[in-house]
Amino acid sequence: MVPIAVAVISNGLTIGLIYSLAAAGVTILYGSIWMPNASNGQFFALGGIFFWLGIRLLGVGRSAYPALALGTLLLAAGVALLLEAALFRRFYDRADRNYIYFILTLGLAQVMSGFFSVTVGPISDAYAVPQVVPGILMVAGSPVPYARIVVLAFACLAVVSLVVWLRMHRIGLALRALFQDRDGAALRGVDVHKVFRLAYLLGTLICVMAGILYVVAFPMDLTTGWSVAVTTFAIMIVGGPGSVLGSMVIALIFGFLQAVVSLLANPVLAQFAYLIAMLVVLVCRPEGLFTR
Amino acid sequence: MSPGGPIHTLKGRLAQLARSVGAIFVAVVTVGVMLILSWNPYTAFVLSVTLVFAIWASGMNLLAGYTGQLPLMFGGIAGLAAYLLLYLTETCRWPYWLALPMALTGAGMAGVLLGLPSLRLRGFYFTLSSLVVQLALTLFFVVAIPFTGGDIGRTVQVQPRLFGVSLQGRYLTYTALAILLSLTVFLSRLVRSHWGTFFRAIRDDDVLAGALGINVTLYKVVAFAIGSTVAGIGGVLYMYTVGFISPRSYDVLLSLTIWLMVGFGGRATILGPIVGAILLSPLPYLLQSVYLLRDIIYGTLVILTMLFLPEGIVGRLQRRERAESRTIQPDLSVATSMRKA
């Protein structure tokens, strides 16, 4: 019983924290810009695939992982800024922009996933990188890879620093002010469009970072992007759009749920459970569980 | 409310006459082209797929264009009808012409049931919930192996027969054409009646529509029933055209592709979805060599349509025509229909 518990906790915590990051990215975008970003899962996949591709093409060893992660993030930042300027900026002041953004990002997700299946699809079916720290740690008779512990630590650090940044830093505070009242924030001197641009960059990069962490801990494939998109949307809706902390709590619960269900039953059941939870919350409490 | 101008002036009448002659000409040319194309089995197949997409797009247009409810579960409903029909005819061995109405009714009822959240959720939130429904349906198609054959799909064995002719190849194309024509006539009558006015009123502001005494629940349910039945008809035709069925053929990308045809051709116009389907659905077949790029092409078109052509091709043309012919024409149709109802 104890080994199973260890496996569930280590798996659930890692997946849960990675989902927390991805869901925080989605929630920041929806809460501030009012953008239901359906392409977030593809950015998650972009992080993992570019990282994997870097290792494969450059042939670098473990010591280069941090530099490679940084390079992937910079590349993704370039893509995000380009997309913001070309597609999203022009709709910032539209009242029906959530609908427009939903369709736009669905189209974008289609383009990105098509791009991945054309470019890296023929190379490999699964994308796994060599373990960042080889070996396993035995915890109460259950093996836990060191790589997963490293990912766990990094994900923890990222989540905590994100929460602190949102509560302490000037721009984080401006973002949270926008969550609450756009006009009020503008009156108090917040440059709304600039914060929107930053929010898009930040939300996208968080998803990319989550993707990198994921590929270091688990193998990724081309369907990961879509399933992460669904899961993060479910998390955002259940937690309440605009509540970053709420989405993190729900993400942890979902991560554990997935770990338990996949271990004891069928992973399909876990997906059904998300979808049903999402539908129930949408119909009964559309504003989400954590929204005041 | 003819867009060519008031009917009592000579100019208006001439414009209308020219329009009718033009319509007849277009119809004759279309039928001729159809006849020529349907003789070759491959072009007949592409033509059938195009017609099926035109049927689907017309059905989605009633929901997304006229009633303002974008149903991303449209593809799932289509799949539900196709799977149900396959199950009834091949596993339960029901007679075909009994199974077909059952499958379509099932699709219509499922559509109404799954559209019920739209009564509570406005606009974007409904679209989101319909996405969830679509994902659940796809998952169900994959998991319910005895009913659907699972992820690897199923080959269609029983072909429908009508008047002793097996509906295959070009006969299927003619059937699809007949269905599309009757659907178009039905829909254009529907949207011109007071029903259409009420649909548009709900789309523009459903709270206001309710305050004006329109039974929002009833009209939304009717729109979903019609739209989902059309989705089912398309789903069944698509299954027989391709001869194969799998969960991937009825996933969220199908709904998105159909939406693209509606948006590209012109939302809330009768001809728009048909034009969109004719322009877009043969694309992957014409570009066989770049079949892998299909997702990229369609995704790019979705983005470009949203950015540069939000009202679609037909919508743009009609707006220009209206701007040329009249200055401002007060829309009294809501008031007159309200009095009639």
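We use all heavy atoms of the structure for the numbers below, so side chains are in, but hydrogens, waters and symmetry mates are not. Quick note on labels: first sequence line is chain A, next is B, and so on, each numbered from 1.
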A.B. asks: To check you understand the geometry: which heavy-atom pair defines the closest contact between V111(A) and T300(B), and what is its length?
C.D. replies: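 For V111(A) versus T300(B), the nearest heavy atoms are CG2-N, 3.3 Å.
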
A.B. asks: Taking all non-hydrogen atoms of both residues into account, name the closest pair between M306(B) and I103(A) and its distance.
C.D. replies: SD-CG2, 3.8 Å

A.B. asks: Report the residue from V132(B), L139(B), L135(B), V252(B) that forms a side chain to side chain contact (heavy atoms under 4.5 Å, CB included) with V230(A).
C.D. replies: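 When V132(B), L139(B), L135(B), V252(B) are each tested with V230(A), the side chain to side chain contact (heavy atoms under 4.5 Å, CB included) holds only for L135(B).
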
A.B. asks: Got a sec: does the CZ of F115(A) have more than 12 other heavy atoms crowding it under 6.0 Å?
C.D. replies: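 Atom CZ in F115(A) is not packed in, count stays at 12 or less.
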
A.B. asks: With a 4.5 angstrom heavy-atom cut-off, is it the side chain or the backbone of L72(B) that approaches chain A, or both, or neither?
C.D. replies: side chain

A.B. asks: Where does V143(B) contact chain A at under 4.5 Å (heavy atoms): side chain, backbone, both or neither?
C.D. replies: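 Looking at V143(B), just its side chain touches chain A.
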
A.B. asks: Just checking I152(B): does its CD1 atom have more than 12 heavy atoms from other residues, nucleotides or ligands closer to it than 6.0 angstrom?
C.D. replies: no

A.B. asks: Are any of the side-chain heavy atoms of V302(B) and L106(A) separated by less than 4.5 Å?
C.D. replies: no

A.B. asks: Can you tell which part of L131(B) gets under 4.5 Å to a heavy atom of chain A, answering side chain, backbone, both or neither?
C.D. replies: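 Side chain of L131(B) only, per the 4.5 Å heavy-atom cut-off to chain A.
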
A.B. asks: If I measure from the heavy atoms of chain B, does F102(A) come under 4.5 Å with its side chain, its backbone, both, or neither?
C.D. replies: side chain

A.B. asks: Kindly give the heavy-atom pair with the smallest separation between G114(A) and D295(B), and that separation in Å.
C.D. replies: CA-CB, 4.0 Å

A.B. asks: CG of L307(B) to CG of L87(A): how many Å apart, nearest 0.5 Å?
C.D. replies: 5.5 Å

A.B. asks: Does CZ in F91(A) sit with more than 12 non-hydrogen atoms of other residues, nucleotides or ligands closer than 6.0 Å?
C.D. replies: yes

A.B. asks: Kindly determine whether I296(B) and Q110(A) satisfy side chain to side chain contact (heavy atoms under 4.5 Å, CB included), including the steps that lead there.
C.D. replies: CA-CA 6 Å; I296(B) 301 183; Q110(A) 212 177 342; over 6 Å; no

A.B. asks: Checking heavy atoms, do the side chain of L253(B), its backbone, both or neither come under 4.5 Å from chain A?
C.D. replies: side chain

